[in-house]
Amino acid sequence: MKQNDIEPNNLTFPFIAKACAKLSDLIYSQMIHGHVVKSPFDVASWNAMLVGFAQMGFLEKVLRLFYNMRLVGIQADFVTVMGLTQAAIHAKHLSLLKSVHSFGIHIGVDADVSVCNTWISSYAKCDDLKMAELVFCGIEEGLRTVVSWNSMVAGCTYGDKFDDSLNFYRHMMYDGFRLDVTTVVSLLSSFVCPEALVQGRLVHSHGIHYGFDLDVSVINTLISMYSKCGDIDSARVLFDGICDRTRVSWTAMISGYAQKGDLDEALRLFFAMEAAGELPDLVTVLSMISGCGQSGALELGKWFDNYACSGGLKDNVMVCNALIDMYSKCGSIGDARELFYALPEKIVVSWTTMIAGCALNGEFVEALDLFHQLMELDLRPNRVTFLAVLQACTHTGFLEKGWAISIIQYDDKGISCKSGIRPLLLHGRPSWKKRKLKEALDFVQSMPIKSDAGIWGALLCACKIHLNIEIAPYVEMANKYALGGRWDGVANIRTMMKRNQVKKFPGQSLFHINGKTCTFTAEDRYHAESELTYPVLDCLALHSREEAYSSHLKWIPEHEAG
DNA sequence: GTAGGGTTAG
């Protein structure tokens, strides 16, 4: 059973869970009090309880149960190992996974190829592709199944390594394995940007060749792939062609329109879905909320807030995260804040969303404060978190206020990290600028996550503003440092940008009037009345430029000015 | 035993 299938507000499962854990503890306590205890359960019953908890993500209960089961002398088997593995994935707990892996080897279940397959996908889900590949290579060639290959292909997809997933796919064909529905679905879901459309079409045609294009899972994935790659029309053609649309088909299409900014069509399909007798679920609602944020549609967003509430979906942390994001993107930071603080279980995404929301709404000090609070917790910030913080820093003038980014510490297992932004006294020495830049650079380079073009961009932007470094395009900057032979991380920007195919899309602004969404870009001359609008805008721009200039001067410390 | 629609940035 997937967790999504559990009915909201259902108290049955926690209740049973509690009872099982109690029972297991009872047996254990009888034993330590000197009773000779024979477990009333066989290994299958213990496994059933353990797997049940694992699927629900009750890590502590799983471990306690496992501990007690071993104490009363029940021999763990491969089902136990699968359950433990599942618990580790649920918590994304890499070191636990490694322990389970070695335990599995210890009791000999690694001879079973299906256990190895599970480990492959588990390591990939815990972001350790190297270990995944190690397990894959450890399987004797004759024993590898199509599932082994699929797990590896899917693993590369999680890790955003879509070149690698294509390579594994090629290898797999070369080794005489035929792709199946899962291979196609895994591959397709890695194509998420316009640049991947060509490969997406190619895999689509392979799918047709092997006759998988009639499978509704494949079609659903295709709909999602085409919309993410910017070809929403192809997605729609596929969608219209499905005879028996599932919830997933509807949601894929709705999400496509919502992300594209066509909220009207998304909403139309949302109601059409209900009319067709297919009930929107958690993911459908998430897509709509996210779409409202993208389009800045506050009123509709509120409507979906109520909708989620009445459907009992607001117990879900992802729905709350999406709502926080929506409210902050719509400028309603108060609503976002209220939701955030009321959230009982805040995950990293919740914190990141709130930090980014604060940065977006000009609450920079609060953003930094939240980051500090996050560091005190046992949660691990990711690249998006750091990006949000850096963006807040870009605006705060934190250097002038005596703030400096500092220090990341890992523990020896690399599980958690602590970092902070601590106050630092300013010195008026000429080397000041360089030192601060170096510090910021060290910060980015020592981040426990992979820095990408976005993070480097944010850093350079911060440098530009706060260190008053000459405005230079990223590439020129990178060249300068490359010439100096220093900080090769920065010198890599160009390659990184190339590899990531970073492109700059023009920013769009939009607003809602009379239930319609209007969008425009900078220097947009398409509107019929633009001839009238621009003189007014020019006038406003002149005023604001004067304002900005005088406020910008205030940002430069006295000893640096002039 | 693998996979499909979804939340955080730009």
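Numbered from 1 within each chain, the chains take letters A, B, ... in sequence-line order. Treat the numbers as computed from the prediction; the structure is a model and nothing was measured.
Only A/V349, A/T352, A/T353, listed by number, bring a heavy atom of residues 331-355 of chain A to less than 4.0 angstrom from any atom of DNA chain B.
Candidate nucleotides B/dT2, B/dG5, B/dT8 were compared by shortest atom distance to the side chain of A/S255, and B/dG5 ranks first. Closest approach to the A/S217 side chain among B/dT2, B/dG5, B/dG4 is made by B/dG4 (side chain taken as heavy atoms from C-beta onward). Closest to the A/T221 side chain, of the nucleotides B/dG1, B/dA3, B/dG4, is B/dG4. For A/T251, taking side-chain heavy atoms from C-beta onward, the closest of the listed nucleotides B/dG1, B/dG5, B/dA9 is B/dG5. The side chain of A/K329 lies closest to B/dA9, out of B/dG5, B/dA9, B/dA3. The A/D325 side chain lies nearest to B/dT7 when the options are B/dT7, B/dA3, B/dG5. Which of B/dG5, B/dT2, B/dT7 sits closest to the side chain of A/M318 comes down to B/dT7. For A/L286, taking side-chain heavy atoms from C-beta onward, the closest of the listed nucleotides B/dT8, B/dT7, B/dG5 is B/dT7. Here B/dG6 is the nucleotide among B/dG6, B/dA9, B/dG5 with the atom lying nearest to any side-chain atom of A/S287.
Under the rule for a side-chain contact (heavy atoms from CB on, under 4.5 Å), the partners of A/S165 that lie at least two apart in sequence or sit in another chain are A/V153, A/C156, A/T157, A/F162, A/L187, A/S190. The side chain to side chain donor-acceptor pair (under 3.5 Å) test applied to A/R178 returns no partner, not counting sequence neighbours. With sequence neighbours excluded, the residues forming a side chain to side chain donor-acceptor pair (under 3.5 Å) with A/T385 are A/T352, A/N382, listed by chain and number. For A/R144, the side chain to side chain donor-acceptor pair (under 3.5 Å) criterion is met by no residue, not counting sequence neighbours.
Pairs engaging residues 353-371 of chain A under the salt bridge (charged side-chain N to carboxylate O under 4.0 Å, His left out) rule: A/R337-A/E363, A/R337-A/E366 [sequence neighbours left out].
Contact annotation for A/D281: base contact, defined as any heavy-atom pair under 4.0 Å involving a base atom. Using a 4.0 Å heavy-atom cutoff across all strands shown, A/Q259 reaches sugar-phosphate atoms only and no base atom. Residue contacts for A/Y158: at a heavy-atom cut-off of 4.0 Å it reaches the sugar-phosphate backbone alone, with no base atom in range.
Whole-Å rounding puts the A/K125 NZ to B/dT2 P distance at 6 Å. In this structure, NZ of A/K228 is placed 7 Å from P of B/dT7, rounded to the nearest angstrom. Atom C1' of nucleotide B/dG5 and atom CG of A/L313 are separated by 15 Å, given to the nearest angstrom. Summarising the geometry, the separation between CG on A/L187 and P on B/dA3 is reported as 13 Å, rounded to the nearest angstrom. Straight-line distance from the CZ atom of A/F239 to the C1' atom of B/dG5: 12 Å, rounded to whole Å. Per the geometry, CD1 belonging to A/I242 stands 13 Å off P belonging to B/dG5, to the nearest Å. Between A/N321 atom CG and B/dT8 atom P there is a gap of 9 Å when expressed in whole angstrom units. Separating the CG atom of A/L379 from the C1' atom of B/dT8 is a distance of 14 Å, rounded to the nearest angstrom.
Annotation: side chain of A/M225 is not in contact with side chain of A/D231 (no heavy-atom distance under 4.5 Å).
A donor-acceptor contact under 3.5 angstrom links the side chains of A/D281 and A/T284, judged on distance only. In this model, no donor atom of one side chain and acceptor atom of the other lie less than 3.5 Å apart for A/T183 and A/S186.
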